[in-house]
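The structure appears below as structure tokens.
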Amino acid sequence: MSSSHELASTFSPAEIEAPLYEKWIKAGYFTADAQSSKPAFSIVLPPPNVTGVLHIGHALDQTLQDCLSRMKRMQGFEVLWLPGMDHAGIATQNVVEKQLAAGGKSRHDLGREEFVKKVWQWKEESGGAILGQMKRLGVSVDWTRERFTMDEGMSKAVVTIFKRMHDAGLIYRAERIINWCPRCLTALSDIEVEHQDDAGEFVSVRYGEGEQSIVVATTRPETMMGDGAVAVHPDDPRYKHMIGTEVLLPLVNRMIPIIADELVDPDFGTGAVKVTAAHDPNDFEMAMRHNVPFVVIMNEHGVMDGTGTEFDGMDRFDARKAVVAKLKEMGRVVSEKRPYIHAVGHCSRCETTIEPRLSKQWFVKVEPMAKAAADAVRNGLVKIEPEELAPRYFDWVDNMHDWCISRQLWWGHRIPVWYGPNGEVKVIGSDETAPAGWTQDPDVLDTWFSSGQWAFSTFGWPEKSADLAKFYPTSVLVTGYDILFFWVVRMMMMSTFAMDGVPPFKTIMLHGLVRDQFGKKMSKSRGNVIDPIEFMDKYGADALRFTLARGANPGTDQALAEDWIGGSRNFATKLWNATRFAMMNGATVEGDLPPLENLNEIDKWILSRWSQTCLQVTELLENYEFARACETLYHFAWDDLCDWYLELSKETFASGDAAHSQRVLGYVLDQLFRVMHPVMPFITEQLWTALTGQESLVTAQWPKADSSHVDKKAEELVSQLQEIITEVRRFRNDQGLKTSLKIPGRFIAPAHIAKYASAMAFVVRMELGDITASAKCEAAGVVVEFDLTGSIDVVAERQRLEKDLATASKDKQTAEVKLNNQGFMAKAPENVVVEIRERLEKTTSDIARITAALAGLPKA
RNA sequence: GGGUGGUUAGCUCAGUGGUAGAGCGUCUCGUUUACACCGAGAAUGUCGGGGGUUCGAAACCCUCACCGCCCA
């Protein structure tokens, strides 16, 4: 073996990770071949926003995708994992505007063209940082196919699909109440609005005079000047006689009708509500039904405008106070409740309170697309994992409102609609040019309109590309449940529309969010944010990946703490040291595995354990059960392999006659590294190449569990050896015998166990020989005698035995209760009854043995 | 208000009908031919409360309480 294959005596991830990643890229392992005859496996990476840095949620998302990609690659699939980034319209524009603001400028100072140029510049820097962080994590993406939602190809695709949807009647322009952010000065879709409980006020105001008056209750008194009616429930006896009459609207002295609408809840407030058609979505609906006029009283900045009153020019919140004060002065305020806690919408990007605003915008008619998206899942064409999350999906797609897609921003795909001098409106396709003198719609499209195309445009659509043919639909979408509605639903809708009814993925695999060690949401204000880069620096990428994958139970959030990552690093170190030890002892992958019948039981046992572990882990990974897969690997590697197999084999290795075990150990490590590689790619690559002398695990074959290795007899034997060893260790511990002290002793055991006496003796520091026994312990039917040269700690030994006796007695009792229960005997299945009978027998003989041992102890 | 997930060891979580588990933490001991980022041993639970189904319930059903998330 050449010196390059030797392992350093200590494991330092920082030294191996970067060079290995470079090696993989150089070798082109991650570059997919659309012409390949292998079956395809494809994933599109949920594109991170260019605004950000890689956060721990990305690290989780990408780790899981990398696990799948690497496993599938090893299983012989042609794997394409396509990376890229999202231009994140409003978020990015906000970031760059903030930078400008620091220099005292606004985007208007630069003008549209200059500003967009500036954003592109910024994108280059920020995007580069994210890519570097992804490489750090070890992602096996195909960098040659990297995309950006605003690159040339995707821009063309956006225009193309806009036109197609428009032609199909799925895109229309209308004046509607939309969510408006008075700070960002743009329309927002429903999902860009976050509802929070705010402390507002609830004011009851008397409209009209004398007999002809009615008290309305509202949280937004400042909008009353825009009222077009007062609405009551049609069956409300308090107001029935007033329906159809008019009342005086104070402040503006306008007469407005009292209308009846089922939407009004008679139990809410006074049962009478103001109808402000231009400033509230519910009122808008009612107004449409009853022909109530739309009175706009606020401008785009949320400043009162056009009321013709003293309030014009006031900010909406100032106006609220002023209006109430004025109404009080007029004696019109009947009651006030303050604070009044109620849900209020906020801009998800800047937290400004949303202002519902009447405005002309572009919309997607979602109904037919949403139905197709829902049907794809209902018909089983697309599977949601874990399936418990499917109801949430249906809840959303079945009740979706039309989607407002125009944004009054500069950063994004400009809406491909042009307006002629005589009011003509035309969508201009990517291969068309607008007639001279026409002007383009100044607005851009919602970011999700372009990222909704991520699963097909990235493959070259609308061209009939080879990638599209080979890799669409993608195999699985891996993403957090938090963007199920934002993104996943939109991809389902747009892909299914564009790709003739073929949905974009076969499976949607949803994971949860990463939280802090107490399960709290990470946030800057809490100061509990975990930076993946910091922890990769400290513990290595493998440790972070393993921790994240190990915590990834399907669809649930996971807590994460530095200690957990440290634990995974310890695990990596354990693997490193175990491999060093194995190689020092001649572990090898040369030649065939010896015939099973030539192996000792310990070798057979580890092969049996591995065969089952390999099968389980493969199945678990295929089923997206990352946490359980990692747990299974962890316990195989640490417990079975390191704590038992290596320990039990030390004597064999020391004996010099270990050729079979060397080959078995080499085989198990070889296979283990393959199966662990998807989760911990760096360390496994390093160890495996050192062990095997081969080129790379990335392109190695995924092992197939060998069921002929399953050996229940060997497992039974080793479990007995474990029992005996544990018992001796316990005895030694209780007797306070130093580990360094070798104790003379012997095993009184049947031949098949006696065969492993020296292996056990090695582990428990016993010197085998003929002795004069002065103490003994017993387990698995084997008596172990020791020569303690007369003196044992009788008190400690009595305690130990009494404890065993108590345990055995309790177990015996529970077994007896069951066996004496007629119902149990009559109805429990045979195998359970047998098991309980055996337990009774064992506990009975244990009790006899322990009792005898206690009696045999000298009096204290 | 509607939906939905949860409540298991000090903490974070597995565990879909047959003697309660893991990681971390805690305690005791220990440098023995990989590893102190280690080894050995140990302690710790009326599985949220109450009711029901069952021979048998952490698990299934009902109900209550509390926590969380999504939507309005």
Side-chain angles (χ1 to χ4, degrees), chain A residues 7 9-12 190-191 195 265 268 282 343 345 388-389 391-392 394-396 399 481-482 484-485 512-513 515-521 539-540 543 547 550-551 553 555-585 625 627-628 630-632 634-635 638-639 642-643 646-647 650-651 653-654 725-734 736-742 762-765 800 803 807 810-815 817-829 831-833 835-836 839 843:
Chain A
L7 294 172
S9 62
T10 51
F11 168 52
S12 53
D190 290 347
I191 52 173
H195 293 269
D265 176 4
F268 181 77
N282 288 327
E388 298 89 74
L389 289 173
R392 285 203 210 181
F394 291 128
D395 190 46
W396 185 268
N399 303 299
Y481 63 71
D482 56 326
L484 184 61
F485 311 132
L513 312 177
R515 296 169 171 275
D516 79 1
Q517 59 182 315
F518 301 114
K520 300 281 175 224
K521 202 169 170 177
Y539 301 106
T547 310
R550 190 182 190 179
N553 286 300
T556 63
D557 291 349
Q558 65 168 299
L560 184 69
E562 180 166 358
D563 278 354
W564 294 207
I565 304 170
S568 299
R569 185 272 320 265
N570 296 353
F571 178 48
T573 308
K574 187 80 182 173
L575 290 173
W576 185 273
N577 287 319
T579 307
R580 269 179 62 228
F581 176 73
M583 289 172 66
M584 268 158 40
N585 282 288
E625 295 259 21
R628 291 175 64 190
C630 290
E631 200 66 13
T632 306
Y634 180 91
H635 287 292
W638 203 312
D639 301 349
C642 293
D643 287 348
L646 290 181
E647 290 302 323
K650 275 180 179 172
E651 192 258 348
F653 289 128
I725 288 169
T726 303
E727 188 58 22
V728 174
R729 283 169 169 165
R730 202 157 76 95
F731 174 83
R732 288 187 62 130
N733 232 298
D734 292 345
L737 300 170
K738 292 206 176 222
T739 327
S740 53
L741 190 69
K742 273 200 175 182
F762 197 95
V763 173
V764 297
R765 308 279 298 157
R800 191 173 75 86
K803 204 176 131 200
T807 309
K810 194 176 148 238
D811 286 354
K812 183 182 175 185
Q813 206 183 344
T814 59
V817 167
K818 286 201 174 193
L819 293 170
N820 289 333
N821 179 335
Q822 287 186 352
F824 175 81
M825 294 306 285
K827 295 190 178 173
N831 62 324
V832 176
V833 176
E835 197 183 308
I836 304 291
R839 199 182 302 158
T843 50

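Chain letters run A, B, ... following the sequence lines, proteins first, then strands; residues in each count from 1. Atoms considered below: every heavy atom in the structure, side chains included; atoms not considered: hydrogens, waters and symmetry mates. Just so it is clear, the structure is predicted and the values come from calculations on it, not from any experiment.
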With a 4.0 Å cut-off on heavy atoms, is [X] in touch with a base, just the backbone sugar-phosphate, or nothing at all?
X: A:Trp576; answer: nothing
X: A:Thr556; answer: sugar-phosphate
X: A:Lys803; answer: sugar-phosphate
X: A:Pro391; answer: nothing
X: A:Asn553; answer: sugar-phosphate
X: A:Arg839; answer: base
X: A:Asn821; answer: sugar-phosphate

Side-chain donor-acceptor contact under 3.5 Å, A:Asn733 with A:Arg730: no
Taking atom types as modelled and ignoring hydrogens, do the side chains of A:Asp557 and A:Tyr481 form a donor-acceptor contact shorter than 3.5 angstrom? yes
Write down the distance between [atom1] ([X]) and [atom2] ([N]), rounded to a whole number of angstrom.
X: A:Glu388; N: B:C69; atom1: CD; atom2: P; result: 20 Å
X: A:Asp557; N: B:C69; atom1: CG; atom2: P; result: 10 Å
X: A:Leu513; N: B:C13; atom1: CG; atom2: C1'; result: 16 Å
X: A:Leu484; N: B:C69; atom1: CG; atom2: C1'; result: 13 Å
X: A:Lys738; N: B:U31; atom1: NZ; atom2: C1'; result: 11 Å
X: A:Arg732; N: B:A42; atom1: CZ; atom2: C1'; result: 17 Å
X: A:Ile836; N: B:G18; atom1: CD1; atom2: C1'; result: 7 Å

Shortest non-hydrogen contact from A:Leu7 to A:Arg580? CB-CG, 3.7 Å
Least distance between heavy atoms, A:Ala561 atom then A:Gln517 atom: CB-CB, 3.3 Å
When both hydrogen-bonding distances must be under 3.5 Å and the geometry is Watson-Crick or G-U wobble, what is [N] paired with, if anything?
N: B:A9; result: none
N: B:C69; result: B:G3
N: B:U26; result: B:A42
N: B:G48; result: B:C64

[atom1]-based separation of [M] from [N] [nearest Å]:
N: B:G68; M: B:G52; atom1: C1'; answer: 28 Å
N: B:G17; M: B:G56; atom1: C1'; answer: 8 Å
N: B:C61; M: B:A22; atom1: P; answer: 28 Å
N: B:U54; M: B:A65; atom1: C1'; answer: 26 Å
N: B:C71; M: B:C37; atom1: P; answer: 46 Å

Hey, does the side chain of A:His195 come within less than 4.0 Å of B:A72's phosphate (OP1/OP2), counting only N and O? yes
Pairs under 3.5 angstrom, nitrogen or oxygen only, protein versus nucleotides 34-41 of chain B, please.
residue, atom, partner, partner atom, Å
B:A34, O2', A:Arg580, NH1, 3.4
B:A34, N6, A:Cys642, O, 3.3
B:A34, N3, A:Asn577, O, 3.3
B:A34, N3, A:Ala578, N, 3.3
B:C35, O4', A:Asn577, ND2, 3.3
B:C35, O2', A:Asn577, ND2, 3.0
B:C35, O2, A:Lys574, NZ, 2.7
B:C35, N3, A:Lys574, NZ, 2.8
B:C37, O4', A:Asn570, OD1, 3.0
B:C37, O2, A:Arg569, NE, 2.7
B:C37, O2, A:Thr573, OG1, 2.5
B:C38, OP1, A:Asn570, ND2, 3.1
B:C38, O3', A:Lys574, NZ, 3.1
B:G39, OP1, A:Lys574, NZ, 3.0
B:G39, OP1, A:Trp638, NE1, 2.5
B:G41, O4', A:Asn733, ND2, 3.2

Considering only side-chain heavy atoms of A:Trp564, which listed nucleotide, B:G18, B:A22, B:C24, is closest? B:C24
Counting only side-chain heavy atoms from C-beta out, which of B:A22, B:C13, B:C24 sits nearest to A:Glu631? B:A22
